[in-house]
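Start at 1 and go down the list; that is how both ligands and their atoms are numbered. Just so you know, these numbers use all the heavy atoms, side chains as well, and skip hydrogens, waters and symmetry mates. Note that this is a predicted model, so its numbers are computed, not measured.
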Amino acid sequence: MGRWAMITGATAGIGHATALLMAKNKWNLILTGRRDQRLKKIKTHLQENFAVNVHSLCFDVSDRSACEKAMGENSAMIEKVSVLINNAGLARGIDPMQTAQLDDWDVMIDTNVKGLLYITRLTLPHLIKNQPGHVINVGSVAGRWTYPGGGVYCSTKFAVRAITEGLRLDLNEHNIRVTNISPGLVETEFSEVRLQDTNKAKQVYEGLEALSPTDIAEAIHWSIDRPAHVNIQEMVIYPTAQASVTQVRREQP
Ligand code: NDP
Ligand code: 8X3
């Protein structure tokens with residue numbers, strides 16, 4: 001039967017890179033996201049190149065009934081999962097709190113906090129059964145340090161860190177590993193989604209070597225690949241050019 005992992009937000013960036021690396025390492029996968037065409041293309045690529053089983057589930061993690069429907073209708077598949085990688089997430093806007101859009105706050109909180117909680121709660125009974133179970137939450141350095149214009153995004157990632165710790169405490173009796181991966185700047189679609197402007201998004205990564213999605217996928221896979229008695233509780237990973245959430249060294253053009 002082999003080992004099964006579920007990765008949320010596998011259509012791009014860190015989630016996509018993690019799906020690739022997990023498939024290379026012979027993990028069967030359940031991949032989720034909202035863009036069905038991309039999910040299907042990735043599924044076909046992984047099945048054809050790595051001889052693993054891949055299922056794709058297209059739904060919005062911030063929609064509670066969509067989560068319950070997707071997980072309920074596919075329970076025969078979900079019940080095989082022993083590793084959950086909660087990666088789906090996003091930032092919207094970089095405005096100060098006094099002028100930010102309430103809609104942006106709703107989307108970030110609903111996706112990064114409530115979505116992660118829905119998927120976790122619906123998957124946990126299977127993780128407890130399928131030892132050794134492991135939950136990996138993709139947090140952020142924004143879950144440790146706050147920066148101007150990032151107050152609400154940061155608060156969602158602080159919440160992810162608190163949820164990770166809460167899970168570890170509650171699941172201790174069930175021998176489940178729980179890990180928080182906290183990256184700094186990773187070059188993905190993240191800034192385009194946040195700023196809704198391709199040129200401005202490019203500037204975020206200009207003049208520095210940001211982390212690649214594969215750098216984070218490797219950290220995730222390495223954490224999973226430790227012996228079952230070893231739990232990597234947290235990893236904070238910055239690019240060398242980034243000293244803090246507010247200090248980045250950029251080469252001049
Ligand atoms: P991308 O925008 O490249 O990828 C985000 C993924 O999340 C996509 O697959 C997207 O799929 C999915 N997603 C977003 N919203 C939803 C939703 N409501 N329902 C289902 N899936 C959703 O960004 P990254 O790869 O950079 O981001 C992945 C995670 O890493 C996020 O949690 C982010 O906060 C975190 N992170 C990113 C950093 C960075 O600098 N890039 C640094 C630190 C943390 P689709 O659009 O198809 O739904
Ligand atoms: C994404 C990294 O510094 O843009 O979580 O918030 S940052």
Path from Val113 to Val107 over hydrophobic side-chain contacts below 4.5 Å: no

Close-contact set for ligand 2 against Ala142 heavy atoms, below 4.0 Å: 6 (O)

Shortest heavy-atom approach to atom 18 (N) of ligand 1 - which of Asp60, Leu57, Val193: Asp60

Protein heavy-atom partner closest to atom 24 (P) of ligand 1 - residue, atom, separation in Å: Thr188 OG1, 3.5 Å

Contact atoms of ligand 1, heavy-atom distance to Gly13 under 4.0 Å: 3 (O), 25 (O)

Quiz item: cation-pi between Arg194 and Tyr153, 6.0 Å / 45°: yes

Ala12: numbered ligand 1 atoms lying under 4.0 Å from its heavy atoms: 3 (O), 4 (O), 9 (O)

For atom 4 (O) of ligand 2, the option (of Tyr238, Tyr147, Tyr153, Trp145) bearing the nearest heavy atom: Tyr147

Any donor-acceptor N or O pair under 3.5 Å, side chains Asn53, Gln47: no

Protein residue, atom and distance nearest to atom 14 (C) of ligand 1, heavy-atom basis: Arg34 NH2, 3.5 Å

Proximity to ligand 1 by part of Ala10, non-hydrogen separation under 4.0 Å: backbone

Any Ser191 heavy atom less than 4.0 Å to ligand 1: no

Residue from Val204, Leu211, Val141 passing side-chain contact (heavy atoms from CB on, under 4.5 Å) with Leu185: Val204

Salt bridge flag under 4.0 Å for residues Glu189 and Arg35: yes

Ser140 neighbourhood, listing ligand 2 atoms whose heavy-atom distance to it stays under 4.0 Å: 1 (C), 2 (C), 5 (O)

Check: Thr18 and His221 side chains under 4.5 Å, non-hydrogen atoms: no

Interfacing atoms of ligand 1 (cut-off 4.0 Å, heavy-atom, Tyr153): 33 (C), 34 (O), 36 (N), 44 (C)

pair Val135-Leu127: side-chain heavy atoms closer than 4.5 Å: yes

Test item: side-chain donor near acceptor, Asn180 and Asn137, under 3.5 Å: no

Contact check: Ser140 vs ligand 1, nitrogen or oxygen atoms, below 3.5 angstrom: no

Polar contact flag, side-chain donor to acceptor under 3.5 angstrom, Thr179-Gln233: no

Note, Pro239 side chain near Tyr205 side chain (heavy atom, < 4.5 Å): no

Check: Pro183 N/O within less than 3.5 Å of ligand 1 N/O: no

Atoms of ligand 1 close to Phe59 [distance to a heavy atom under 4.0 angstrom, numbered from 1]: 19 (N), 20 (C)

Ser65 versus Asp63, side-chain donor and acceptor atoms under 3.5 Å: yes

Step-by-step side-chain hydrogen bond (donor to acceptor under 3.5 Å, both in side chains) determination, Asp95 to Gln101: CA-CA 8 Å; Asp95 304 306; Gln101 304 298 314; 5.3 Å; no

Top protein contact for atom 21 (N) of ligand 1, by heavy-atom distance: Ala88 CB, 3.7 Å

Under 4.0 Å to a heavy atom of Val138 - the qualifying atoms of ligand 1, by number: 29 (C), 30 (O), 35 (C)

Any N or O of Val186 closer than 3.5 Å to N or O of ligand 1: yes

Check: Tyr205 N/O within less than 3.5 Å of ligand 1 N/O: no

Nearest-contact summary for atom 31 (C) of ligand 1 - protein heavy atom, Å: Asn87 O, 3.2 Å

Test item: Asn175 and Ile128 side chains (from C-beta on) under 4.5 Å apart, heavy atoms: no

Identity and distance of the protein heavy atom lying nearest atom 5 (C) of ligand 1: Gly89 O, 3.8 Å

For ligand 1, the portion of Thr111 having any non-hydrogen atom under 4.0 Å away: side chain

Geometric class of the Trp4/His55 ring pair [parallel <30°, tilted 30-60°, perpendicular >60°]: parallel

Protein contact to atom 3 (O) of ligand 1 [nearest heavy atom, distance to 0.1 Å]: Glu189 N, 3.1 Å

Heteroatom distance test (Val61, ligand 1): nitrogen or oxygen, under 3.5 angstrom: yes

Heavy atom of Gly139, distance to ligand 1 below 4.0 Å: yes

Flag for Ser62-Asp110: side-chain donor and acceptor within less than 3.5 Å: no

For atom 11 (O) of ligand 1, the protein heavy atom that lies nearest, with its residue and separation: Thr11 OG1, 2.9 Å

Protein heavy atom at shortest distance from atom 6 (C) of ligand 1: Gly9 O, 3.7 Å

Proximity flag Lys157 to ligand 1, non-hydrogen atoms under 4.0 Å: yes

Enumerated ligand 1 atoms positioned under 4.0 Å from heavy atoms of Ile14: 25 (O), 30 (O)

Numbered atoms of ligand 2 (with element) below 4.0 Å of Phe190, judged on heavy atoms: 1 (C), 4 (O)

Backbone or side-chain N or O of Leu185 under 3.5 Å from ligand 1 N or O: no

N-O pairing of Glu218 and Lys24 below 4.0 Å: no

Ionic contact status for Glu187 with Lys202, cut-off 4.0 Å: no

